[in-house]
Amino acid sequence: MERLPLSRLIIISNRVQPPTGEGGGNQGGLAVALSAALREYSGLWFGWSGETVDAFTGQLNLQRAHGVTTATVDLEEHDFDEYYNGYANRTLWPLFHYRLDLTRFERGFEGGYQRVNERFADTVVPLIEPDDLVWVHDYHLIPLGQELRARGLGNRLGFFLHIPWPPTQLLRSLPHHRQLVEALFAYDVVGFHTEEWLESFLHYATSLMGATLGEDGRVTVGDRTIRAISCPIGIDTESFVAAATSEGALRAAERMRASRAGRSLLVGVDRLDYSKGLPERFLGYERFLQQRPECRAKVSFLQIAPPSRETVDTYLEIRAQLDGLSGRVNGEFAELDWVPIRYVNKGYGRETLAGIYRAARVALVTPLRDGMNLVAKEFVAAQDPADPGVLVLSRFAGAAHQLCDALIVNPHSPDELAEAINTALQMPREERIARWRRMMDNVVEEDVLWWRRRFTDALEAVTAA
Ligand code: ADQ
């Protein structure tokens, strides 16, 4: 029997993006997953409105849309520069994705990060009732739990990290790294996508903080004990399967069929981000075309990559790099009636995306590092069970721990990518079905509701302990 949750759930994340339906464009993975979780569990989603004002007021904007109540607050321009563009996206994001070369360490960023976390705490505290479960999301808000505790909040507090947790030696290059990790000990439950990220966190806690480990993921430092768990996020599988056979999806699939003129479609769908391994993917595809001249006019590669974080310089650089690379590959191999790479900088609605996935013979999901990667799971969910496509998946995506029946590749190696593309294109239908079936079982079993329950069950168990 369905168990009704007794407590309310307060979700706090940097951005609040309730579902917008078809045509909603490029919602991130986090937004898609949390909207689905909140539809089942009553409560509230709090975060930044995405707007800036001259002076911070803490004025709340409350709304109810598509079954989800949201409360948002505006920030100041320098908050945006230092907290969001600064510490979150120029310091923590690259560092946690193992890109020390792109990581910027600036004191102003750190100050802005702390200030915004305090502002979030001041604004959200009055909305929280004593029995509420509070679930904070992602690297933008690591210190928030500590700030909520400082304001007297005794609630059960959880934190989930959507990106990888870096190895200890990398994290040590962050000024005040210990302060950041200590802040996690204000929560009761801390979740990571995979055992790998969890182990890196435990390594830091035990080797640099003298933490002791107990049963069920208990980690004690001084007088604080938290539970650190692995909790891989899933997708809203049921609705994605439905989206894949919707009118909108069929229309999109039909358009793809017409445009590829009998060729096998390879597809990539990613936010335009250097962690997603797009230049490496283009090079792998180029290698495939070089090595297999007989395949040249038999494939068509569609890369969809809507721009993100366009006010951060490294994102403009990746965009320019990809424009150059796709131009080079197309210049080298294109024929009168064939363009090897179609590279589209646009977001699409879920049904259209699902239709594109379903029309594809191969998906290239090859990030250099990714907390999970929901596109891999969406691709699996969208397939026709009788004639499924093949997933080529980076071993450095969290999803590779669950989708072991994908063709697992090292995204840094153009030869390995070229080989995997060829294997995927040649794969007999029975093998495609067998691999897809096993992956689909996981995508169905460990969906977004499973993920939410696994986390909130751990959080609810805190008082019972
Ligand atoms: P992201 O880095 O945003 O998420 P991902 O997990 O792949 O990455 O999610 C992307 C989402 O955006 C997917 O739902 C996808 O359908 C959608 N999307 C991508 N391109 C799109 C397009 N052109 N049009 C429309 N929609 C598009 C972060 C972490 C991940 C982690 C998630 C969830 O970086 O590792 O899986 O959070 O925890």
Side-chain angles (χ1 to χ4, degrees), residues 25-29 252-253 255-290 292 295-310 312-350 352-368 370 373-376 378-379 382 389 391-394 397 409 411-412 414 417-418 420-421 424-425:
N26 55 354
Q27 282 195 305
R255 252 181 97 181
M256 297 314 304
R257 241 186 301 281
S259 74
R260 71 189 154 86
R263 298 184 177 94
S264 296
L265 178 67
L266 313 180
V267 73
V269 175
D270 310 75
R271 264 188 318 103
L272 191 51
D273 189 291
Y274 49 80
S275 68
K276 303 292 183 187
L278 295 167
E280 291 77 5
R281 188 180 306 166
F282 284 19
L283 291 172
Y285 179 62
E286 181 184 46
R287 184 67 52 92
F288 167 77
L289 297 177
Q290 283 161 347
R292 311 253 166 208
C295 293
R296 282 185 197 162
K298 294 190 191 142
V299 291
S300 173
F301 173 30
L302 171 66
Q303 175 63 54
I304 299 177
S308 68
R309 303 175 193 167
E310 286 176 282
V312 178
D313 38 10
T314 41
Y315 288 80
L316 297 176
E317 283 161 24
I318 178 102
R319 187 162 183 178
Q321 192 185 359
L322 287 171
D323 286 346
L325 267 176
S326 56
R328 185 178 95 192
V329 175
N330 284 340
E332 194 178 343
F333 297 106
E335 299 287 348
L336 278 178
D337 57 351
W338 176 61
V339 183
I341 302 184
R342 275 181 293 158
Y343 169 44
V344 185
N345 291 125
K346 241 167 89 167
Y348 290 95
R350 275 162 78 73
T352 306
L353 219 48
I356 295 172
Y357 292 144
R358 199 175 173 97
R361 167 49 58 92
V362 183
L364 299 175
V365 182
T366 55
L368 305 182
D370 217 332
N373 194 297
L374 296 176
V375 170
E378 291 168 358
F379 175 77
L391 176 63
V392 174
L393 179 61
S394 162
V409 293
H412 297 279
L417 284 175
I421 292 171
L425 291 169

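Side chains included, hydrogens not; waters and symmetry mates left out as well; all remaining heavy atoms used.
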Compare every heavy atom of [Y] with every heavy atom of [X], then report the nearest pair and how far apart it is.
{"X": "P306", "Y": "D270", "answer": "CD-O, 3.2 Å"}
{"X": "S264", "Y": "L425", "answer": "CB-CD2, 3.7 Å"}
{"X": "L322", "Y": "P279", "answer": "CD2-N, 3.6 Å"}
{"X": "V267", "Y": "F301", "answer": "C-CE1, 4.2 Å"}
{"X": "A397", "Y": "L393", "answer": "CB-CD1, 4.1 Å"}
{"X": "T366", "Y": "P411", "answer": "O-CB, 3.4 Å"}

So, using salt bridge (Lys or Arg N to Asp or Glu O under 4.0 Å) as the criterion, who are the partners of [X] when residues are at least two apart?
{"X": "R319", "answer": "E310"}
{"X": "R328", "answer": "E286"}
{"X": "R342", "answer": "none"}

Within this structure, what is the [atom1]-[atom2] distance for the pair [X] and [Y], rounded to the nearest 0.5 Å?
{"X": "L302", "Y": "M256", "atom1": "CG", "atom2": "CE", "value": "4.5 Å"}
{"X": "Y285", "Y": "L364", "atom1": "OH", "atom2": "CG", "value": "9.5 Å"}
{"X": "R257", "Y": "R358", "atom1": "CZ", "atom2": "CZ", "value": "9.5 Å"}
{"X": "R281", "Y": "S394", "atom1": "CZ", "atom2": "OG", "value": "9.5 Å"}
{"X": "D370", "Y": "D273", "atom1": "CG", "atom2": "CG", "value": "8.5 Å"}
{"X": "I356", "Y": "L265", "atom1": "CD1", "atom2": "CG", "value": "8.5 Å"}

side-chain contact (heavy atoms from CB on, under 4.5 Å) between Y357 and V269, intermediate numbers included: CA-CA 9 Å; Y357 292 144; V269 175; 3.8 Å; yes
Worked verdict on L272 versus N345 for side-chain contact (heavy atoms from CB on, under 4.5 Å): CA-CA 8 Å; L272 191 51; N345 291 125; 4.0 Å; yes
Side-chain touch V392/V362, heavy atoms, less than 4.5 angstrom: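 They are in side-chain contact.
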Where at least one partner belongs to residues 328-347, residue pairs that pass ring-ring contact (aromatic ring centres under 6.0 Å, His included), sequence neighbours excluded: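 Residue pairs passing ring-ring contact (aromatic ring centres under 6.0 Å, His included), neighbours aside: F282-Y343.
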Test side-chain contact (heavy atoms from CB on, under 4.5 Å) applied to V339 - qualifying residues, sequence neighbours left out: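 Per chain and number, V339 pairs via side-chain contact (heavy atoms from CB on, under 4.5 Å) with N330.
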side-chain contact (heavy atoms from CB on, under 4.5 Å) involving S308 - partner list, sequence neighbours excluded: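 Checked S308 against side-chain contact (heavy atoms from CB on, under 4.5 Å); matches are R271, Y315.
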Taking [X] for its side chain and [Y] for its backbone only, find out whether a donor-acceptor pair lies under 3.5 Å.
{"X": "Q303", "Y": "G268", "answer": "yes"}
{"X": "R263", "Y": "A297", "answer": "yes"}
{"X": "R361", "Y": "V299", "answer": "no"}

Test log, rule side-chain contact (heavy atoms from CB on, under 4.5 Å), inputs V365 and F379: CA-CA 10 Å; V365 182; F379 175 77; 5.7 Å; no
